[in-house]
Amino acid sequence: MTDAQSAEPKSFKICGAPSNAKIRVLVGRFPYFGDFDQNLRNNFDQLFAANVEYSLSQQADFSVFGLTSVSSDFSRQLIEKAFNIRLPSASVRLSESSGAEQLRTELAASNCQYLLGGRISREGNVLNVEPYVLDVESRSIERPFAPLNGDTQSVLKLADAFAAQTLTYLRRKGAGQRAVEVRCLTWPPALPEPFERAARELSTLVRDQIASSLAVTTKLPIRTSSCSQLSSKFDADIAVVVTGNVSVRLADSQFEVQPKVMLMQPSYERGLAPLQYKIASLSVSFFSKLTSEFAAEVSEFLIAVTPASDDVLSAQVVSGRSDERAALEAFDLLAKDPANGSANLGLGKVLLRKQAADLARFRFLKAKESQDSLTPVDRAELNMALGSVAKEQEEQREYFVTARRLYLELSRNADAARATRGIASALFQEGKKSEAILEMRRQPGLEKDLASLRQLGIYLRLSEKDLEATKVLLSALELKPNDAEARDQLAGAYETLGRKDFVAGRYTDARENFGLAATYHESGVLFYLTGLAAAQQGDYRDAAIQYERMVKLPSDAADLTVAASGWLNLLECYLIMGEYDLLEQRGQDASSFLRWLPDARLLASYIRIVGSLLAQPEKSIESLKKEPPYRDFEGVPDGASAQRFDWSNEQVNGIIAKKVTDADRIQFVEELRGRVWRKPKVLK
């Protein structure tokens, strides 16, 4: 052991204290290889590692440590050399005598679960980042996912992508979830030149590029297997195997690649639609096109047959009806007939429910090419689906109009109303608000259609027709009194009307509308506005009631300023009404609530002092300074000032002018005012 090591405290742990609740990761080095200029050589690996460390540290379930955590020179040297290798396969077991095994022992003693790093290589302007993870518990170094590729201008994006893949891998590893394994393509024997040479040289490249594309488009962890060790065996933690068959037809100069996907549980194997190319088109760009198109087909399949929970298929999917089962059935039909309209429509619906809109649109358009084979109901559904994914409003509207016509021909009125809502939505998004509202109003049976009434109410609100909106939304609530969206929209409409009344000085109407709004959706803002309107009419009793209702509600960050104003207004109401005991009682609560808002807390303590001054005319100034309001006043940070707070002191000044006549007390109040409204300073 070196002197540096022996001097290190025995209690020092690189990865801190163990915690069962968090994954403990040490971010190591990323040694680089290839054509790096001096600037990149000096900074690139540190920049990359720092960004990976930062991204991981933002996750609540991870404890992340960097090389700065390592004080032992011996440990640092081992970490720096740990991944100065290239693994021949997805993982390698550590030998007892290897430096990596020595490092693993050091990491285990320091409570680290994983060491993360990788190799960075460069060819021209293209970077390749190959990931490695040393798993302390399993005594192995693994390549957890396919290498990531990018250019030298996108270092931070590459680091973010690396961190995201690492998060997915480690979380799934901890949960025992399984991965997708990408294997090399199977080439036909005795290939003629130039295919035999291309097959040898490009097998690994094509496999890695496919894996890299899948890592971006798929939520599942991706692994690769060795091209030199083809096997029919599957590891227990592999859920899906991706491979493909290559065929060459010299007679018609065709080069064909068929992606193949195998699911381990349930047992399922499917060859996807073949990708066909002309032999004459073979080039460097061809292989990029091949890998992206191959990955796109496989990615679509995995998205369609993977449940929303991100777990890979399980036996439960096969039993009963589900999106995943429907997708498998659609792929079975499409393997026999790629133009099957019903299968393309069904697969598109599954993809749309899985938020894959572009993939869904592709399938819907394929179904449209064979729409004559569809039933009338399916043709109507296809037009609805196309309308939902169309990128231009005019195109959306055309599809929805066709769908409505087909539904009406089938006497499916509820579906026709759904199409009408689609038409109105397209019109509204085009800026044709009046036409959209008219379209909704002339819908047959509107008064009995909750979804349409709700949508019409929203359009009226967005068109600043809040009074009309209240009537429509009240009709919606007659159909379903507890409909949350209709209630929220109705509350919003009444609040808007109340605000307009308040600005116009119609305080009675404002109080009524704010009160109606609170009936359908209680909020601190509504109680605050009602209190303001009541105070404007001199009804401080009701204003205090409204502010009390407000301060009893939880306050989030968005309403914090309003909450602070509500507390101050409440104290002012009690001061105006002469209820000094209540003022002090609620004043203590206010000061506690406002402890992190010094400017508002300063005002609260000032109002409390004025209340004490008026409640106890016999007490001396020195005695008043010993009471809680003044002590709280003195405890406010020096930089606080009411100048930062939008507050009118007119009411309080009027009360003081009427009730404080003693010269000493007047001077005391002036001193308080000077402190409260002095020039603000930076708060520390």
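- Scanning all heavy atoms of the two residues, the minimum distance from F400 to S388 falls at CZ-N, 3.7 Å.
- With respect to E468 and R441, a salt bridge is recorded, a charged nitrogen being found less than 4.0 Å from a carboxylate O.
- For Y494, the ring-ring contact (aromatic ring centres under 6.0 Å, His included) test picks out no residue, with sequence neighbours left out.
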Using side-chain contact (heavy atoms from CB on, under 4.5 Å), reason through Y54 and D160 one step at a time and then give a plain yes or no. CA-CA 9 Å; Y54 175 78; D160 287 343; over 6 Å; no
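- For R595 (side chain) and S592 (main-chain N/O), a donor-acceptor pair under 3.5 Å exists by modelled atom type.
- Annotation: ring-ring contact (aromatic ring centres under 6.0 Å, His included) contacts of F502 (sequence neighbours excluded): Y507.
- Annotation for Q58: atom CD counts as buried by contact number, over 12 foreign heavy atoms lying within 6.0 Å.
- Residue E409 qualifies as enclosed at atom CD: its count of foreign heavy atoms under 6.0 Å is above 12.
- Residues R586 and L571 share a closest heavy-atom pair of C-CD2, 3.9 Å.
- Using a 4.5 Å heavy-atom cutoff, the side chains of N649 and W677 are in contact.
- Salt bridge absent: R506 and E512 never bring a charged side-chain N and a carboxylate O closer than 4.0 Å.
- Heavy atoms of other residues, nucleotides or ligands lying less than 6.0 angstrom from CD of E634 number more than 12.
- Going from atom CG of N51 over to atom CG of L56 covers 11.0 Å, rounded to the nearest 0.5 Å.
- Ion pair R404/E439 flagged as a salt bridge, since at least one NZ, NE, NH1 or NH2 atom sits closer than 4.0 Å to an Asp/Glu carboxylate oxygen.
- At most 12 heavy atoms of other shown residues, nucleotides or ligands fall within 6.0 angstrom of atom CD in E392.
- Atom-to-atom distance recorded for L624:CG and F668:CZ is 6.0 Å, nearest 0.5 angstrom.
- Looking only at atom types and distance, the side chain of Q455 has a donor-acceptor partner in the side chain of Y459 under 3.5 Å away.
- For the atom pair OG1 (T420) and OH (Y407), the distance works out to 11.5 Å, reported to the nearest 0.5 Å.
- Remark: L603 CG to L597 CG distance equals 11.5 Å, nearest 0.5 Å.
- Every residue was checked against the side-chain contact (heavy atoms from CB on, under 4.5 Å) condition with P617, not counting sequence neighbours, and none meets it.
- In the displayed structure, R353 atom CZ is contacted under 6.0 Å by more than 12 heavy atoms of other residues, nucleotides or ligands.
- Considering all non-hydrogen atoms of both residues, E572 and I607 come closest at N-CG2, 4.4 Å.
- Summarising the local packing, NZ of K500 is surrounded by more than 12 heavy atoms from other residues, nucleotides or ligands at distances under 6.0 Å.
- Checked by atom type, the side-chain pair S475/E447 shows no donor-acceptor distance below 3.5 Å.
- Of the possible donor and acceptor atoms, one in the side chain of R665 sits under 3.5 Å from a partner among the backbone N and O of L613.
- For the pair E495 and R499, the salt-bridge criterion is met [side-chain N within less than 4.0 Å of a carboxylate O].
- Between D358 and R361 no salt bridge is recorded (no basic side-chain N to carboxylate O distance below 4.0 Å).
- Between D323 and K354, none of the side-chain N atoms (NZ, or NE/NH1/NH2) sits under 4.0 Å from a carboxylate O, so this pair counts as no salt bridge.
- Around atom NZ of K619, more than 12 heavy atoms belonging to other residues, nucleotides or ligands sit under 6.0 Å away.
- With hydrogens and angles ignored, the 3.5 Å screen pairs no side-chain donor or acceptor of Q393 with any backbone N or O of A426.
- In this structure a side-chain-to-backbone donor-acceptor pair under 3.5 Å is missing from S55 to V52.
- Across R511 and A533, no two heavy atoms sit closer than the pair CG-CB, 3.3 Å.
- The CG atom of L438 sits 10.5 Å away from atom CG of L456, with the distance rounded to the nearest 0.5 Å.
- A salt bridge is absent between R675 and E671; no separation between the charged side-chain nitrogens and carboxylate oxygens falls under 4.0 Å.
- Side-chain contact check for Q588 versus R608: some heavy-atom pair is nearer than 4.5 Å.
- The nearest pair of heavy atoms linking V350 to A327 is CG1-CB, 4.2 Å.
- A 4.5 Å side-chain heavy-atom check between L529 and M550 finds every atom pair outside the cut-off.
- Across all their heavy atoms, L602 and A642 have their closest contact at CD2-N, 4.3 Å.
- The shortest side-chain heavy-atom distance between Y580 and L575 falls under the 4.5 Å cut-off.
- Judged by distance alone, the side chains of E398 and T402 never bring a donor and an acceptor atom under 3.5 Å apart.
- Defined by atom type and a distance below 3.5 Å, a donor-acceptor pair is present between the side-chain atoms of R421 and S452.
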